[in-house]
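Computed over heavy atoms, backbone and side chain alike; hydrogens, waters and symmetry mates excluded. Just so it is clear, the structure is predicted and the values come from calculations on it, not from any experiment.
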Amino acid sequence: MDYYGKRLAASLSDNTIKIIGIISSSSQQLAVLHGHKCPVWEVAWEHPKFGSVLASCSYDSQVIIWKEGNSNEWVQAHVFNDHKSSLNSIACAPHELGLCLACGSSDGSISVFIARADGGWDTARIDQAHPVGVTSISWAPSTAPGALVGSGLLDPVQKLASGNFDNTVKVWKLHNRTLKMDCFPAFQTHTDWVRDVA
C-alpha cells in the first residue's frame, strides 16, 4: 500500500500492475500499468516526498520506475535493463537516503539505483552477491541506533539485507555508492531457501 494507505499496487502474472483505490471498506481499480513482458514479481512505493512513484521488477529482467502524472495516469519514468535474469525482489530505500531502490536477481547480483539531481541515475552493483540467485531484499531503517535520544547528528544508516537460494542471509552496507558486506560471515543457519527478509 502507498504511504497514506489509500492505494494498493498489485503485481500480476499477466505482466501487468493494477492500482486499486481503497476508500472506507470498498475498493476501485484506478489503473492498469503495461510495460513488463513477463510476470511482475514485486512492486514497491517510494515515499510521497518524491511524488507518486512506484517501482516494479519482473521475470523479464527489468526494473521499471512508474510516475503518476495526472490523476491515475502513469508513465514509465525510467527502465533499468542491467540484469540478465529474473528480478525477484525490489525495495525502496528509506526516504532520508533520497530516491533510491535495490533489487535482487536470479543472476546472483544486487543492484542499487540512486537518483541524481540532474535526473540521471547512478548504480551500485555486487555481482555474485549470492551465486545461486537472490530471492529477497530489505532496507534497514535509516535512523542510527541512539540517534533519537542522543545529542548531535549521526549519519543515516545505509544497510540492506538479502536472502537467497543458497540458504544464507547477508547484510550489506552502502557507502559512497559502493555495496560491501557488513556482517561476516553470512548467516548460514538455514537448511532451505530464504524466501524473504525484513
Under 3.5 Å, side chain of [X] to main-chain N/O of [Y], donor-acceptor pair present?
X: Asn81; Y: Gln62; value: no
X: Arg125; Y: Phe113; value: no
X: Asp2; Y: Gly5; value: yes
X: Lys159; Y: Val171; value: no

Please determine whether residues [X] and [Y] belong to a single hydrophobic cluster, defined as Ile, Leu, Val, Met, Phe, Trp and Tyr linked transitively by side-chain heavy-atom distances below 4.5 Å.
X: Val134; Y: Leu174; value: yes
X: Ile110; Y: Trp139; value: yes
X: Leu97; Y: Val112; value: yes
X: Val40; Y: Ile19; value: yes
X: Met1; Y: Ile20; value: yes

From [atom1] ([X]) to [atom2] ([Y]), nearest 0.5 Å:
X: Ser136; Y: Glu42; atom1: OG; atom2: CD; result: 8.0 Å
X: Ser56; Y: Ile65; atom1: OG; atom2: CD1; result: 7.5 Å
X: Ser109; Y: Ile126; atom1: OG; atom2: CD1; result: 9.5 Å
X: Ile64; Y: Leu54; atom1: CD1; atom2: CG; result: 10.0 Å
X: Ser85; Y: Asp60; atom1: OG; atom2: CG; result: 12.0 Å
X: Leu87; Y: Ser105; atom1: CG; atom2: OG; result: 5.0 Å

Between [Y] and [X], is there a side-chain heavy-atom distance shorter than 4.5 Å?
X: Lys18; Y: Leu30; result: no
X: Val53; Y: Trp45; result: no
X: Cys103; Y: Phe80; result: no
X: Ile90; Y: Val63; result: yes
X: Phe50; Y: His95; result: yes
X: Trp121; Y: Leu99; result: yes
X: Ser61; Y: Lys84; result: no

Distance-minimising heavy-atom pair for [X] and [Y]:
X: Glu96; Y: Ser142; value: OE1-OG, 2.8 Å
X: Cys100; Y: Ile114; value: SG-CG1, 3.8 Å
X: Ala55; Y: Cys92; value: CB-SG, 4.4 Å
X: Asp107; Y: Gln128; value: O-NE2, 3.4 Å
X: Ile137; Y: Gly104; value: CG1-N, 3.7 Å
X: Asn15; Y: His36; value: CB-O, 3.5 Å

Subject >> Heavy atoms of other groups near Lys6 NZ, more than 12 under 6.0 Å >> reply: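 Open: at most 12 neighbouring heavy atoms sit under 6.0 Å from NZ of Lys6.
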
Original post:
Does Lys67 NZ have over 12 foreign heavy atoms under 6.0 Å away?
Top reply: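 Yes - once you tally the heavy atoms of other residues, nucleotides and ligands closer than 6.0 Å, there are more than 12.
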
Original post:
Between Ser58, Ser11, Ser86, which is the residue that forms a side-chain hydrogen bond (donor to acceptor under 3.5 Å, both in side chains) with Trp41?
Top reply: Ser86

Original post:
Is Arg116 salt-bridged to Asp122, going by a charged N under 4.0 Å from an acidic O?
Top reply: yes

Original post:
Ion pair present between Arg7 and Glu68, side-chain N to carboxylate O less than 4.0 angstrom?
Top reply: yes

Original post:
Would Asn88 and Ser106 count as having a side-chain donor-acceptor pair, cut-off 3.5 Å?
Top reply: yes

Subject >> Residue pair Trp66, Val75: steps toward the side-chain contact (heavy atoms from CB on, under 4.5 Å) verdict >> reply: CA-CA 6 Å; Trp66 304 88; Val75 296; over 6 Å; no

Original post:
Using links of under 4.5 Å between side-chain heavy atoms of ILVMFWY residues, direct or through other members, which residues join Tyr3 in one cluster?
Top reply: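 Other cluster members: Tyr4.
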
Original post:
Stepwise, does the side-chain contact (heavy atoms from CB on, under 4.5 Å) test hold for Thr123 with Asp82?
Top reply: CA-CA 9 Å; Thr123 303; Asp82 296 48; 4.1 Å; yes

